[in-house]
Every structure is written in C-alpha cells, then in structure tokens.
Amino acid sequence: MHDVRKYTVYPSNLDILECFKNLKKSLDKLALQEDIQFCDKTSYYLRINDWRNLNCQDFNEFLDVLEKYPSAFLINIHSHFGEKSKDDKDHFGLSIYIAKEYIEITVSAQDFNLISGMHERLSEIFQATNPPIDRSGRLSKYQLKKSIFIAHRFDEVGQKNASTLLKFLTRLGFKVIEGSGYETRDIPEKVTDKIRSQDILICIVTPGDSTWIMGETAFAKALDKYIIILCQDSLNVNKGIIGNDYEHLSFPENNIEKCFSDLLYALPL
C-alpha cells in the first residue's frame, strides 16, 4: 500500500537538516535500519543551485552532504527501512519530496498502522500541515481557481473603477470577465453563465442604483461562489440580500486603488 500526502503549509525558514536528523533519531529509536538492497530505486537527490545537482548513495551520506549544503532548495529521496531480524513484510518505503511550494511524503508498507504512524511522525518533524477544509460548501480562498467575474454599474464611474480593477487583476494572472451592461430586474442567461464559470465574484458598489449588481452577487452566493465586495466608503451595502458571509473592502471616491493592498490578502495568490 502507498499512502501519499501532500502538504502546502510549512515554515519558510524550516531547518531541513535538523528535520532529517530528527528523522534518523526516530528510526534509530525504533531500531529501523536502511536497506538499500531492498529495491533498485533508492535515490537521494539534492539541487544545490540551478547549475548543480548531487546524488547520494544512502541516508548517512545524504545527511553529510546536506550538512555541507543546508540551503539545497529541492530534495527528493526514496529508500527502504526495516528491522534487520524481520522479513520483507516489515519493511517500509519512504519517499520525501521537498520544494518551495510543498512537501510530499509517501510511505509504502503492508501494515496500515505502520503507515499511519510514520505519516504522523513525519508531519510533526517537518511541521507540515494543510489549510483547513471548509465543509460548509462555500469555496475558501485556498481552493479557488484564478477566475473572476466583476459586477459593476455601467455608468462612467462604475466603468472607470472596473477598468482599473481589471488591469490590476490581469497583471496578477487572473482571468477576468464582466457582465453585459444591462440594467434589468432579471439576470440574462449569458450573464448567469459567466458567473457560473468563475470561482470568484467581485462586486464594485458605486453611487447609483445597484439593484442588478447586488442581484448578480446574490446569484453568485446561491452558487457558493467566493464573494468580495468593494464599496465606495460613503455608501452602504444592503446586507439583507446577501448576508454577511463575504469579504468587504472600502475605498475613497475615485480611488479604488486604495483597497488593492487589502484585496491581495483576500485573493488566492
């Protein structure tokens, strides 16, 4: 059985060398020894820089090299461990991939309890976790695709703010689409299709009748879309139609850029 677990949260200043030393201590404490003859895929790979990679023969050599190059920014190891007096069924395979973006750990064994115990210990050693899962059905910022629908008024002020926001979001790598300039009570099907296709809805509230853009926001809320409201600070949002479950940022008149730094924290980047 192979149990692969990917972790996207761990300290940026994590002491990788100390982690692997702690792993060796844990293996020694359990009287587990490396068996490099168990399979022909044993590998210890370190990327020292963009022009230099190192491959080691075994775990001990790997620790020696890592001590000399603790800033190696990509590590990929695979080996097998077990008690010397036991047969093959008590061996387990261990693969650890460490990059800047995530850590991926694979434990392979016949004993499910051994797999679970090793994963628990390894996540402690590497201080590795994942963002909490929101089971309410609403998308969290950690699960979002970089796609945004902007709801805004189509007068001069609304268009200007939307244009400024669109340029900012596009430079951040988001796919951004808008509505169709309608001002009716019912949302046209082509607009509802656009809202369905995007993970995020950003509503820009500016002076004037915002009934239809709040209708778009309510429609997105019903689809469990991730909602962010940017509201001119002299105005109020009618919360009755959408509740309180959204990000709310304010900006001064004619200066929507003032909320962009806060917007960065609300978006998946």
Exercise for the section: Would you kindly confirm whether Ile228 and Leu172 end up in one hydrophobic cluster when ILVMFWY residues are joined by side chain heavy atoms under 4.5 Å apart? Expected result: yes
Practice task
Inspect the surroundings of CD in Glu18 and state if more than 12 heavy atoms from other residues, nucleotides or ligands are less than 6.0 Å away.
Solution key: yes
Exercise for the section: State whether a side-chain donor-acceptor pair under 3.5 Å links His91 with Asp35. Expected result: yes
Problem - Test item: Tyr7 side-chain N/O and Ile105 main-chain N/O as donor-acceptor pair under 3.5 Å - result: no
Exercise for the section: Taking the six-membered ring for Trp and the single ring otherwise, decide whether the centroids of Phe62 and Phe20 are under 6.0 Å apart. Expected result: yes
Practice task
Taking the side chain as every heavy atom from C-beta outward, state whether Asn60 and Lys24 have any pair of such atoms under 4.5 Å apart.
Solution key: yes
Exercise for the section: State, with a plain yes or no, whether a side-chain heavy atom of Leu223 is found less than 4.5 Å away from one of Leu201. Expected result: no
Exercise for the section: Decide whether Tyr45 and Asn53 meet the rule of one side-chain donor and one side-chain acceptor closer than 3.5 Å. Expected result: yes
Problem - Same apolar cluster: Val65 and Phe73, side chain cutoff 4.5 Å - result: no
Practice task
Assess whether side chain to side chain contact (heavy atoms under 4.5 Å, CB included) is satisfied between Cys231 and His248, documenting all intermediate values.
Solution key: CA-CA 7 Å; Cys231 183; His248 183 284; 3.7 Å; yes
Practice task
Can you see which heavy atom on Val205 is nearest to which on Ser210, and at what distance?
Solution key: CG1-OG, 4.2 Å
Practice task
Describe, in one word, how the ring planes of Phe59 and Tyr44 are oriented to each other, choosing from parallel (under 30°), tilted (30 to 60°) and perpendicular (over 60°).
Solution key: parallel
Practice task
Report the distance from atom OG of Ser43 to atom CG of Asn76, rounding to the nearest 0.5 Å.
Solution key: 6.5 Å
Exercise for the section: Identify whether Phe81 and Tyr97 are in the same connected component of the hydrophobic contact network (ILVMFWY, side-chain heavy atoms under 4.5 Å). Expected result: no
Handout entry: same_hphob_cluster(Val4, Ile103) at 4.5 Å side-chain heavy-atom cutoff
Key = no
Practice task
Verify, without hydrogens or angle tests, whether Lys225 (side chain) and Gln198 (backbone) share a donor-acceptor contact under 3.5 angstrom.
Solution key: yes
Exercise for the section: Please report the closest heavy-atom contact between Ile115 and Ala109, naming both atoms and the distance. Expected result: CD1-O, 3.6 Å
Handout entry: Backbone of Asp199 reached by a side-chain donor or acceptor of Ser147 within 3.5 Å
Key = yes
Exercise for the section: Kindly say whether Asn113 contributes a backbone atom to a donor-acceptor pair with the side chain of Ser116 at under 3.5 angstrom? Expected result: no
Completion exercise
Correct closest heavy-atom pair for His80 and Gly93 would be ND1-CA, 3.5 Å
Exercise for the section: Answer whether the closest heavy-atom distance between the side chains of Phe251 and Thr206 falls below 4.5 Å. Expected result: yes
Fill in the blank from the handout: Output for pair (Leu17 CG, Leu63 CG), nearest 0.5 Å, gives 7.0 Å
Practice task
Verify, without hydrogens or angle tests, whether Ser123 (side chain) and Glu120 (backbone) share a donor-acceptor contact under 3.5 angstrom.
Solution key: yes
Practice task
Kindly indicate, with the supporting measurements, whether the criterion side chain to side chain contact (heavy atoms under 4.5 Å, CB included) is fulfilled by Leu230 and Asn161.
Solution key: CA-CA 10 Å; Leu230 308 183; Asn161 282 304; over 6 Å; no
Exercise for the section: Check salt bridge (charged side-chain N to carboxylate O under 4.0 Å, His left out) between Asp64 and all other residues, then give those that pass, not counting sequence neighbours. Expected result: none
Practice task
In plain terms, say whether Asp193 and Lys190 are close enough for a salt bridge, that is, a side-chain N and a carboxylate O under 4.0 Å apart.
Solution key: no
Exercise for the section: Answer whether the closest heavy-atom distance between the side chains of Gln57 and Ile36 falls below 4.5 Å. Expected result: no
Handout entry: Nearest-0.5 Å distance that lies between atom CG in Leu32 and atom CG in Leu114
Key = 8.0 Å
Problem - Main-chain N/O of Asp3 paired to His119 side chain as donor or acceptor, under 3.5 Å - result: yes
Handout entry: Heavy-atom closest pair, residues Ser250 and Cys259
Key = O-CB, 3.5 Å
Problem - Distance, nearest 0.5 Å, that separates CG of Leu165 from CD1 of Ile202 - result: 5.0 Å
Exercise for the section: Any chance you could measure Glu34, atom CD, to Thr42, atom OG1, to the nearest 0.5 Å? Expected result: 6.5 Å
Handout entry: Side-chain heavy atoms of Lys145 within contact of Lys175, under 4.5 Å
Key = no
Handout entry: Note, Glu178 side chain near His152 side chain (heavy atom, < 4.5 Å)
Key = yes
Practice task
Take Thr217 and Tyr246, measure what side chain to side chain contact (heavy atoms under 4.5 Å, CB included) needs, and give me the verdict at the end.
Solution key: CA-CA 10 Å; Thr217 305; Tyr246 58 85; over 6 Å; no
Practice task
Output, in order, the C-alpha distance, side-chain angles, deciding distance and verdict of side chain to side chain contact (heavy atoms under 4.5 Å, CB included) for Val191 and Phe149.
Solution key: CA-CA 10 Å; Val191 176; Phe149 178 91; 3.9 Å; yes
Problem - Side-chain heavy atoms of Phe219 within contact of Arg196, under 4.5 Å - result: yes
Practice task
Answer yes if Ile204 and Phe260 sit in the same cluster of Ile, Leu, Val, Met, Phe, Trp and Tyr residues linked by side chain heavy atoms under 4.5 Å apart, and no otherwise.
Solution key: yes
Handout entry: Thr8 side chain reached by Pro131 side chain, heavy atoms, under 4.5 Å
Key = yes
Exercise for the section: Examine Lys6 relative to Tyr102 and say whether NZ or CZ is less than 6.0 Å from the centre of the six-membered ring and inside a 45° cone about the ring axis. Expected result: yes
Problem - Distance-minimising heavy-atom pair for Gln127 and Pro11 - result: OE1-CG, 3.4 Å
Handout entry: NZ on Lys68 to CG on Leu66, rounded to 0.5 Å
Key = 12.0 Å
Problem - Under the salt bridge (charged side-chain N to carboxylate O under 4.0 Å, His left out) test, residues paired with Asp209 that sit two or more places apart - result: none
Problem - Closest contact, heavy atoms only, Ala220 versus Ile227 - result: C-CD1, 4.3 Å
